[in-house]
Amino acid sequence: MLDLSPIRAELAAQYDLSPSLAAAEATRHIHARMARVMPFPDWAVYAPYVIAIERLKRERNAVVLAHNYMTPEIYHGIADVVGDSLQLAIRATEVEAEVIVQCGVHFMAETSKILNPAKTVLMPDLEAGCSLAESITPAGIAEMRARFPGAPVVSYVNTTAAVKAASDICCTSSNALQIVEAMDSDTVIMTPDQYLAKNVAAQSTKRVVWWEGSCIVHERYTPEDLRDYRRHEPGVAIIAHPECPPEVVAEADYTGSTSGIIDWVTRHRPAKAMLVTECSMAANIADALPEVDFVRPCNACPYMKKITLEKVLWSLHSMTGQVEVDPAVAVPARRAVQRMIDLSRQLAGG
Ligand code: 13P
Ligand code: SF4
């Protein structure tokens with residue numbers, strides 16, 4: 001675990017990080033993007049970090065790629081690019097800066113690195129993992145191939161580079177069904193998320209078989225929870241992520257990737273909405289959608305929440321937390337990710 005005491009001492013010696021209403025005033029335009037969810041006095045705590053990080057980004061020629069599950073002070077405060085896993089992977093192929101700071105979890109930073117082997121990719125906390133990525137190794141892929149000979153392996157991007165390298169192609173929650181459908185085989189192996197696989201299987205013309213992994217955030221929702229919310233919040237639009245079990249998805253009005261969820265709520269602007277996903281999502285879009293009343297059950301991802309402004313500042317200051325991928329793994333892993341990106345573009349007609 002990162003020992004924060006020496007880090008704090010070094011940062012305090014180098015930067016003025018005390019809560020500051022003057023710093024908050026100077027960055028009021030940034031706070032305006034999250035005013036509904038962050039009281040202005042709280043912003044006075046974060047603003048000095050945002051100012052220091054922005055200065056270091058310029059000095060280091062760095063860009064911050066942030067997942068939709070980051071907290072508002074990261075998502076609105078320092079991110080240059082925000083998005084779901086597919087969007088972040090695609091944008092990672094377009095980065096011109098020398099340094100990428102990945103605000104998300106480790107597999108996302110690995111994906112950025114395998115797409116940009118010559119760039120420095122920083123992970124503010126290298127221990128920000130993922131229950132799905134931890135659930136399978138290349139041996140698990142070999143086991144599935146032995147059980148279903150000849151079937152292609154479609155691995156969720158929520159996997160290590162080594163698992164991607166052992167797979168035929170990757171997918172994300174926004175393109176999983178299309179990728180599976182595009183496979184030239186009647187049987188398709190999906191790893192490691194059993195629920196994403198089951199949700200795809202329900203719509204697919206293929207026989208989909210899966211690994212038994214799950215996301216510790218989305219597996220916690222139950223159909224009873226959703227029915228209770230509907231009873232207590234009449235008229236609420238319920239929007240779920242496909243990492244939820246199929247019985248939960250069946251109770252939802254729409255299911256999609258994190259960006260799919262944002263797009264759906266932005267287009268439909270329901271009076272009341274409940275996002276059945278990680279809890280920062282609703283916080284991040286609350287100000288852009290003032291007419292939507294968000295019912296906010298809070299299932300936080302403990303891995304995503306390891307990323308803080310303090311750790312971002314530290315990684316940029318010290319250039320620590322560099323993500324490396326062995327080229328012997330990176331090359332085949334890149335093939336699987338690039339194949340997904342190319343197929344997604346082709347299917348979108350782009
Ligand atoms: P997407 O942003 O691709 O929907 O993925 C959600 C997720 O759980 C990432 O860890
Ligand atoms: Fe992994 Fe779930 Fe956290 Fe996403 S929300 S990083 S899938 S544990």
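In this chain, residues are counted from 1 in sequence order. Read the numbers this way: they start at 1 and go in the same order the structure lists the ligands and their atoms. Quantities reported herein were computed from a predicted structural model and do not represent experimental measurements.
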Which residue and atom name correspond to the protein heavy atom nearest atom 6 (C) of ligand 1, and how close is it?
His241 NE2, 3.4 Å
Shortest protein contact, atom 8 (O) of ligand 1 (heavy atom only):
Glu243 OE2, 3.1 Å
Checking contacts here: is it the side chain or the backbone of Asn158 that comes within 4.0 Å of ligand 1, counting heavy atoms only? Could be both or neither.
side chain
Can you tell me which portion of Met108 lies within the under-4.0 Å heavy-atom range of ligand 1? Options are side chain, backbone, both, or neither.
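Under 4.0 Å from ligand 1, Met108 contributes side-chain atoms alone.
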Path from Tyr195 to Tyr156 over hydrophobic side-chain contacts below 4.5 Å:
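Each belongs to a different hydrophobic cluster.
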Find out whether Pro152 and Ile169 are in side-chain contact, i.e. whether some heavy atom of one side chain is under 4.5 Å from a heavy atom of the other.
no
Looking at atom 1 (Fe) of ligand 2, is one of the N, O or S atoms of Cys130 less than 2.8 Å from it?
yes
Taking 4.0 angstrom as the limit and counting only heavy atoms of His67, give me the atoms of ligand 1 inside it, by number and element.
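Answer for ligand 1: 1 (P), 2 (O), 5 (O), 6 (C), 9 (C).
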In ligand 1, which numbered atoms sit nearer than 4.0 Å to a non-hydrogen atom of Ser257?
4 (O)
Whether His218 and Tyr221 hold their rings parallel, tilted or perpendicular, with breakpoints at 30° and 60°
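Because their plane-to-plane angle lies in the 30° to 60° range, the rings of His218 and Tyr221 count as tilted.
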So which atom in Ile114 and which in Ala333 form the shortest heavy-atom distance, rounded to 0.1 Å?
CD1-CB, 3.6 Å
Can you find an N/O atom of Asp84 closer than 3.5 Å to an N/O atom of ligand 1?
no
Nearest neighbour of atom 6 (S) of ligand 2 from the list Met108, His67, Met304, Glu243, on a heavy-atom basis
Met304
Nearest candidate to atom 3 (O) of ligand 1, where distance is taken over non-hydrogen atoms, out of Cys301, Ser174, Ser85
Ser85
For Asn158, the ligand 2 atoms whose distance to one of its heavy atoms is below 4.0 Å
7 (S)
For ligand 2, which atoms have a heavy atom of Tyr69 less than 4.0 angstrom away?
5 (S)
CZ/Arg36: more than 12 non-hydrogen atoms of other groups inside 6.0 Å:
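Enclosed.
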Measuring from the heavy atoms of Met304, does anything fall under 4.0 Å of ligand 1?
yes
Does the cation-pi check pass for Arg55 over Tyr15, that is, NZ or CZ under 6.0 Å from the six-membered ring centre and within 45° of its axis?
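Cation-pi check for Arg55 and Tyr15: fails.
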Within less than 2.8 Å of atom 3 (Fe) of ligand 2, any N, O or S from Cys215?
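So Cys215 does not bind atom 3 (Fe) of ligand 2 by this criterion.
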With heavy atoms and a 4.0 Å threshold, my read on which part of Glu278 contacts ligand 2 is neither
